[in-house]
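Beneath this line is the structure, given in structure tokens, with notes to follow.
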Amino acid sequence: MRIFDPHIHMSSRTTDDYERMRASGVTALVEPSFWLGQPRTSAASFVDHFDALLGWEPYRAAQYGIAHHCALALNPKEANDPRCTPILKELPRYLEKDSVVAVGEIGYDSITPAEDEALAAQLELAARHGLPALVHTPHRDKLAGLERTLAVLAESELPPERVVLDHLNETTVDRAADSGCWLAFSVYPDTKMDEARTVAVLRRLGLDRMLVNSAADWGKSDPLKTRKVGDAMLAAGFGEDDVDRVLWRNPVEFYGLSGRLDLGERERPELFEGNSIARGAPAGR
Amino acid sequence: MLTDPDLTPEGRAWLDGVAGAEGWETAFTAAGRHVGRDHADAARVELLRVARPDAETLTRLYQRGDAAERRAVLLALPELPLGPEALPLVEDALRANDARLIAAALGPYAARHLDQHLWRHAVLKCVFIGVPIHEVAGLADRADIELARMARDFAAERAAAGRPVPDDVRHILSLVPDFPPVQEA
Ligand SMILES: [Zn+2]
């Protein structure tokens, strides 16, 4: 089973996770920028985070045979903090980098005017830089947040086929599907979606424009949830080709809209006899 | 001089069009998408060679660059008319743990300008993380008794842990003929 996790926060995971993911079939992923688990105190903190997503994380991932791309943005939560918003001025330079395949994750957290502004501005940046957008739907007041998201999207230059709406569930997926956007499900141990419910949605709505991710962040989460959904799909009677479509071809098609996805030749750092991270581990996995 | 004879005609035409032109900094970032990522290092170095940026511009490109852009800045240093003013970039790369950056930082520019103490530590770091030391410019000229001592102590530490001693340690010791050989455990 080949797996592309279209939304996973590897900065908060260990090398053990990379190793287990690779062993489960994950060979590509997109890491959206997000918060640090605690509030940032300056825009410069984003610069360090972007550096990690453009340098260190791809390097770590490559040692386990995983192609790492990223999505960059000012996240919805911190869009409310005037200490952080100056990063919006720095974003255009970063959105030109080779491994940036989307603007994200953007969207709503507490649904405030500052979030309205950041969302609209970053949708425009996505259009200007030829990138699709990863838009998360809020955890609280989700349906109202989705409606507001769709209203802002409708006013933006970015067409729905270049937008994915994430963290969807049974209460929001039908409205989201009507919009023409791509649809994504974050599968978690206790929150958001689980494997069985995700499979039920796939059975009801089909596989077109569907993405499944593990998101795996600072909280209780599981970077192998993509694989578990694949297994659950097979157990529920879907075929191998269906699984490949949801877990590989769909994310490749969506992020391929950027024109920057580089999967053919995994960019592996010249693996000299084991390096600082792989030290003591078998090289050349 | 790093040039790329294998550039496709399209890649060459693109590079000739942007080199030295206004907006070359944007081209520097996007080079991999125009010439192919395998040729990105050489294309970026060529852009820098033509533009001859000062240390301030180089610093900005490095600090706001991704790993590939940083590597290109480091590779270009010996080909640019610079004194020691770009050393902070080399030192930054040597603090990283990315083997590609460390290897790129230890070219002829570092051989010429890097302080001997930092240079020795950089060489030892290469042995430590597995960057082949034949990639270190000027190794034979700068290797000294103190580097040999550090290499020998490192070998002793590896031997004590029951781990193999990298061949590069013996190579360093062979460059310092007056130094006593490694005792194998
Ligand atoms: Zn997320």
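Below, chain A is the first sequence line, B the second, and so on; all start at residue 1.
Contact annotation for A:Tyr94: only side-chain heavy atoms (C-beta onward) come within less than 4.5 Å of a heavy atom of chain B. Only the side chain of B:Arg70 comes within contact range of chain A, judged by heavy atoms closer than 4.5 Å. For chain B, no part of A:Val100 is nearby; none of its heavy atoms comes within less than 4.5 Å. Both the backbone and the side chain of A:Asp98 come within contact range of chain B, judged by heavy atoms closer than 4.5 Å.
Listed by first and then second residue, the side chain to side chain donor-acceptor pair (under 3.5 Å) pairs involving residues 81-92 of chain A are A:Asp81-A:Arg83, A:Glu90-B:Arg64 (not counting sequence neighbours).
Shown here for B:Asp98 and A:Tyr59, the closest heavy-atom pair between the two residues is OD1-CE1, 3.3 Å. In terms of heavy atoms, A:Gly55 sits closest to B:Ala67 at CA-CB, 3.9 Å.
Taking a 6.0 Å sphere around CD of B:Gln116, one finds it holds more than 12 heavy atoms contributed by other residues, nucleotides or ligands. Summarising the local packing, CZ of A:Arg2 is surrounded by more than 12 heavy atoms from other residues, nucleotides or ligands at distances under 6.0 Å. Within a 6.0 Å sphere centred on CZ of B:Arg60, other residues, nucleotides and ligands contribute more than 12 heavy atoms. Residue B:Asp153 places its CG atom among more than 12 non-hydrogen atoms of other residues, nucleotides or ligands, all under 6.0 Å distant.
Considering only heavy atoms from C-beta on, B:Glu25 comes within 4.5 Å of A:Arg93 through its side chain.
Expressed to the nearest 0.5 Å, how far OG of A:Ser99 lies from CZ of B:Arg37 amounts to 7.0 Å.
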